[in-house]
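Note sheet for the following structure.
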Amino acid sequence: MDYYILNIFYILFTLSSLGILIESRIRYQLFFLLLQITFLFLPLFNKYKYEDTTFWILLVSILTLKGFMVVYGVRWLHRTRENMKYTVGNWGHPLLFVGLIFGIVLFYFCLDYLNQLVIFYTRVGIIYSALNIYLGCMGFFLRSDWISRIPSFIIFQNGILLFVFELADQLPTGLEIGGFLDGFLIVTTMLIYRNKILSISGEHK
Amino acid sequence: MNPIQLLALLFFTFLGIFFLLLFTFTRSDEKIIRWSPLVLLFFIITVISVWTQYIFLQWLLVSSLTFVGAILISLSKTAKSVQTAWKYLFVKSVGSSIVFLGLICILMGLDTGADIMIDLRTMISQLPPRENLLVEHGIFFSILGYLTLLGIFPGHFWVEDSYAEGPSQISSTLSAFNPVVTSIALYPFLHLDDFYQSPLLQMKDVILILGTITLIYSIWKFKFTTDIRKITSLIALFHTAGIAVLMGFLPEEKVFYYVLGASVSINAFLFACMGILRIDLGARDLNLVDRKRGITVITTVLFLLALGMSFLFPLSPIFLSEIILIRIGLEQGKYWVVFYPLLSGLFFFLSLKKFLPLLSLSKRRFIESERKVLDLRVRLTFLLLFISLWIGVLGLYEFLWGGF
């Protein structure tokens, strides 16, 4: 695929992460999440061949674990929660701004190292995956509530998955499963909360 | 101790805990028989994880334990336990992700195309020449992630609540098996770091520092805690931090497995005693104990014995582990190692100060409504005590005859 087109998609991928961090309304957070997950198909189509079984496994995993479970799970958890603290920020935008400045300084000092990596591996996606991992970490500090940190974890995981996709030809097959931890996290969280709801309604008795 | 002996110890300890769970579960109205396969699954994953040599598979198993553990914690069915389970799940998932990132970096930096089923020996043989930033960062991320999964500073804050809010049998399972699985997964990376001799950062020194901070944190937090469950959790955290400190000295495999075995037997025994004490006292906060209600002699003796076994009782495997730690430290010329048993002593005397007033409570028999459950609990706890003492005596014999 053309280098410039790929670059634009990666920029949009990163901007959607930023959108999730800045946006406090769940509806728009979900929109950005879906957008980001859609962009994950691009490196998948770019790096894997249709004939490989891995390609189909990954396609189904992205569709089910990320596309469906993550988005449905986040929405379900949001509705299930008794209090609506979901989108309340911990420190709000001032910390995001401080993080932005810190990130710029950090990336300025790491640029040489990152450039070495990119030149060595000729992978531009590595920089974008590093940015996404950083933005995910920022989200852990931004939100006050544990549940509201889920989208940040998804950004973090998407960054890692992008990293794995970029290095698909150098890493052993099967390692990609580590990029879907967020899907498993959502499923387990739903189980935990489901258990509590059933106990309240008395269905367990 | 070798891996097979450790597995045997895990099996017998699990039997004790599993029977406690099946026959004496009182924490909520949950039908525990329905959830027992999940506890069994937790144990099976633990066994495979201890047995396997493959680094990626170990990561996968440690991560899956997180998901199973979170569901088990939520069995208390209180709002607090659900929040705690979620916190446990989230923090440990982040830890798993960091380890995964590290694994990718290491595998990417290997000379030849790596196989997913790779063990430490193969990995070392495929490592590129020195000064490879990718491998160095990979080792750093992996160890940092595993430390979060282990509950060491700065990823320590899930431990206290998770062990305190779950049912005591589940806390027993988690505190006994979780440090073992995570430490065994972490151990190869320390050897990798030692072999690679990174000029940037020696991770064994980092582990020593972080482990020491966690030890001090647990003592400091203990001083202001009166909740029996939290106190027990902090003692478990202290043991986990002790394992981390020992790993910083890069012990031999048999010593490492022995200390893990000590942690398994003592933590299981400690949480079982805590469960009995909490029911018998009728309160979980020491400040809210009803003095008119009284307490049984057996409960008091068992809990004080558990405290002693956790720190300084001569036949305790933990006490022997401390002696072994001093010996390893002195052999490596690190004379400040005596600082750690002093911390242990400090913790013990602080805990005595908190729990000795229990002796002044009026003595009685078990209350009729709780007698059946508590009788069974006491019997099964004696089994766990026997296992702990057995490990302690065996270790002492081995130590005196130069085995360690």
Side-chain angles (χ1 to χ4, degrees), chain A residues 77 80-82 113-114 116-117 120-121 123 126 129-130 133 136-137 140 145-150 152-153 156-157 159-161 163-164 166-167 169-200 202 204-205, chain B residues 28-31 34-35 38 56-57 59-60 63-64 66-110 112-118 133-134 137 141 158:
Chain A
L77 281 168
T80 308
R81 302 261 298 172
E82 290 130 16
Y113 170 57
L114 280 170
Q116 277 172 22
L117 272 184
F120 182 61
Y121 292 102
R123 305 279 197 276
I126 290 176
S129 66
I133 290 169
C137 290
F140 298 154
D145 186 58
W146 287 101
I147 292 288
S148 68
R149 286 176 180 146
I150 289 184
S152 316
F153 184 64
F156 186 81
Q157 277 294 312
I160 290 178
L161 196 62
F163 195 52
V164 176
E166 273 301 304
L167 303 160
D169 44 357
Q170 280 172 310
L171 292 174
T173 315
L175 202 75
E176 294 88 351
I177 193 174
F180 294 99
L181 269 183
D182 49 349
F184 296 114
L185 173 104
I186 290 283
V187 174
T188 317
T189 312
M190 286 169 78
L191 272 173
I192 292 169
Y193 276 84
R194 182 83 186 150
N195 190 25
K196 188 198 167 196
I197 292 159
L198 288 177
S199 75
I200 290 168
H204 270 309
K205 289 174 185 172
Chain B
S28 68
D29 61 345
E30 193 67 78
K31 282 179 184 162
R34 192 185 292 174
W35 294 96
L38 209 58
F56 183 72
L57 185 61
W59 170 80
L60 206 61
S63 305
S64 56
T66 302
F67 299 114
V68 180
I71 297 172
L72 291 177
I73 292 170
S74 71
L75 290 185
S76 285
K77 287 186 18 180
T78 56
K80 187 86 197 288
S81 74
V82 173
Q83 280 170 13
T84 305
W86 159 244
K87 191 164 97 174
Y88 170 87
L89 180 66
F90 184 79
V91 178
K92 290 193 82 173
S93 297
V94 173
S96 290
S97 301
I98 297 171
V99 178
F100 181 67
L101 195 62
L103 277 173
I104 297 172
C105 291
I106 296 174
L107 290 175
M108 206 165 87
L110 292 183
T112 50
D115 184 15
I116 197 161
M117 290 299 180
I118 191 165
L133 281 173
L134 264 177
H137 283 77
F141 282 134
W158 62 265

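Order of the sequence lines sets the chain letters (A, B, ...), proteins ahead of strands, with each chain counted from 1. Both backbone and side-chain heavy atoms feed into the values below; hydrogens, waters and symmetry mates do not.
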Show the nearest heavy-atom pair for residues B/I71 and A/I192, with the distance to one decimal.
CA-CG1, 4.3 Å

Minimum-distance pair of heavy atoms, taken over all atoms of B/S93 and A/L181:
O-CD1, 4.0 Å

Proximal component of B/F67, with respect to chain A [non-hydrogen, under 4.5 Å]:
both

Under 4.5 Å heavy-atom distance to chain A, tell me which part of B/L60 shows up: side chain, backbone, both or neither.
side chain

Do [X] and [Y] have side chains that approach each other closer than 4.5 Å (heavy atoms only, starting at C-beta)?
X      : Y      : answer
B/W86  : A/I150 : yes
A/F153 : B/S97  : yes
B/T66  : A/T188 : no
A/F156 : B/I98  : yes

Enter the distance from B/L107:CG to A/L175:CG here, rounded to the nearest 0.5 Å.
6.0 Å

When rounded to the nearest 0.5 Å, the distance separating CD of A/E166 from CD1 of B/I104 is 12.0 Å

Most contacts with chain B, counted as non-hydrogen pairs under 4.5 angstrom, among A/I133, A/V164, A/T189, A/V187
A/T189

Can you say whether the rings of A/F140 and B/F90 are parallel (under 30°), tilted (30 to 60°) or perpendicular (over 60°)?
perpendicular

Identify which part of A/F163 has an atom lying under 4.5 Å from any heavy atom of chain B, answering side chain, backbone, both or neither.
side chain

Run the numbers on B/F56 and A/I177 for side chain to side chain contact (heavy atoms under 4.5 Å, CB included), then give the verdict.
CA-CA 11 Å; B/F56 183 72; A/I177 193 174; 4.0 Å; yes

